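Inspection log for the structure reproduced underneath, given as structure tokens.
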Amino acid sequence: MPHRAEPSPKTSSGRPAVAGGNPAFQQPILVTRPVAPNPERYAEISAEIFASQWMTNDGPTTRRLEQQLQEHLEVAFCATFSSGTAALLIALRGLDLSGEVITTPFTFPATPHCIEWNGLKPVFCDIDPHTYNLDVEQISARITPQTSAIVPVHVFGNPCDVIGIQEIADRHGLKVIYDAAHAFGVRAMGRPIGVWGDLSIFSFHATKIFHTVEGGAIVANSRDHLESLTLLRNFGIVNENEVRGIGLNGKLSELHAAVGLLVLTEIDREIDSRARLTRHYRERLQEIEGIRFQKSADGARGNYFSLALEFSESEFGLSRDQVCEGLRAENIFARKRFYPLCSENDCYSHLPSACSEGLPNARRLSENILTLPLYGALTINQVDGVIDALLRLRSNAASVRQALA
Ligand SMILES: *Cc1c(COP(=O)(O)O)cnc(C)c1O
């Protein structure tokens, strides 16, 4: 087994590695690890695909995966794509939008990039400091006569205020396209996540909870008017004699679809295991001063995609960056996600809505957030090793600060 890494037996009274102690882990503990498809089954299916010589272009494996995803996600429409980015590009293109699109700066760069690639203008809106998702009150304040859509993100799999967002969209005649890249298997207000808004997109990248190595999907609650989206992933080709719409190559291959079929059989177990590990993290860290957890949306069933902690430097004794470096010395690779904010990158910082005075909650969160290792194959023992290392940093804060100065 690669990456096997049990924590060295050490208590929170020992010296942190950054201040001269031994690292908590001999092998690196990364923030995530992809679910591995069964290799024998993959060999069988890929041999069939090679023998059939139908490698891509709406093949039987891709269709089977789309059918299974449609059932699993309880949606009426599911079209796969070569990436979440391709899915979002085409979702926005297919809805024929214009002008301004309201979105969150606290996301992966693909979200605003897809808006820009469609010749639309991203308008950044502040987030709720507890759920990390778009603040519905703030959305209203950003609507202008040019606004045509909202692209909210279910950050770390925590569902947005789907009812509040729909009310605003209905009142102003706006489309809603959810970036559900993190939210595979999530439910909001008792309903599956993919039924909300006009469309949702998923990413099936290997770092996501369900994956096809690279891949993505557009899903919706109705099939009406959506066949054109499927054409656009294949250059807009209708048949030998007709091209309808400026499409691109956004197709999932048969080999990627085969990975998806196998990963889908593991997904419930993966989520159960992450749920158990998350409970353990919470039990041990809940009462620690200076650490805050993301607040789950009311009526949500989460998928435990990510374990995000918000640090208060004054209460914890160390800044987020110091904690991150301290953990790295222990061979624990936490991630500053999402830092910097999308709006702080050069390509967006000139926009009026990127001005940090308008985004105080997003800015504060981005500076204090850290996601810790969480994946199904992690053991409780390893989680204890991560927590012990974190508490050791806290109880030796002065010497950690000194070592990092
Ligand atoms: C991963 C991700 C994407 C992009 O998906 P890809 O499959 O990598 O193209 C988009 N939005 C968010 C929020 C993501 O995390």
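Order of listing sets the numbers, starting from 1, for every ligand and every atom in it. Note that the structure is a prediction, hence the values are computed from the model and not measured.
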Numbered atoms and elements of ligand 1 in range of [X], under 4.0 angstrom, heavy atoms:
X    : value
T111 : 11 (N)
T107 : 13 (C)
G84  : 5 (O), 6 (P), 7 (O), 9 (O)

In terms of residue, atom name and distance, what is the protein heavy atom nearest to [atom]?
atom                    : value
atom 9 (O) of ligand 1  : T85 OG1, 2.5 Å
atom 3 (C) of ligand 1  : F108 CD2, 3.7 Å
atom 11 (N) of ligand 1 : D179 OD2, 2.7 Å
atom 1 (C) of ligand 1  : K208 NZ, 1.6 Å
atom 15 (O) of ligand 1 : H182 NE2, 2.8 Å

Practice task
Look at atom 5 (O) of ligand 1 and find which of C342, A110, S203 reaches it with the closest heavy atom.
Solution key: S203
Practice task
Would you please indicate if the ring centroids of F108 and H182 are separated by under 6.0 Å?
Solution key: no
Handout entry: Sub-6.0 Å ring centroid separation between H113 and Y348
Key = yes
Problem - Stepwise salt bridge (charged side-chain N to carboxylate O under 4.0 Å, His left out) check, R63 with E66 - result: CA-CA 5 Å; R63 284 200 195 161; E66 287 176 343; over 6 Å; no
Problem - Derivation of the side-chain contact (heavy atoms from CB on, under 4.5 Å) call for E344 and R363 - result: CA-CA 9 Å; E344 289 169 343; R363 222 180 104 193; 3.5 Å; yes
Exercise for the section: Mind telling me whether F184 and F210 have parallel, tilted or perpendicular rings, with 30° and 60° as the class edges? Expected result: parallel
Problem - Presence of salt bridge, E283 and R279, under 4.0 angstrom - result: no
Exercise for the section: Decide, yes or no, whether a salt bridge links R187 with E74 under the criterion of side-chain N to carboxylate O below 4.0 Å. Expected result: yes
Exercise for the section: Give a yes/no verdict on whether any heavy atom in G215 is under 4.0 Å from an atom of ligand 1. Expected result: yes
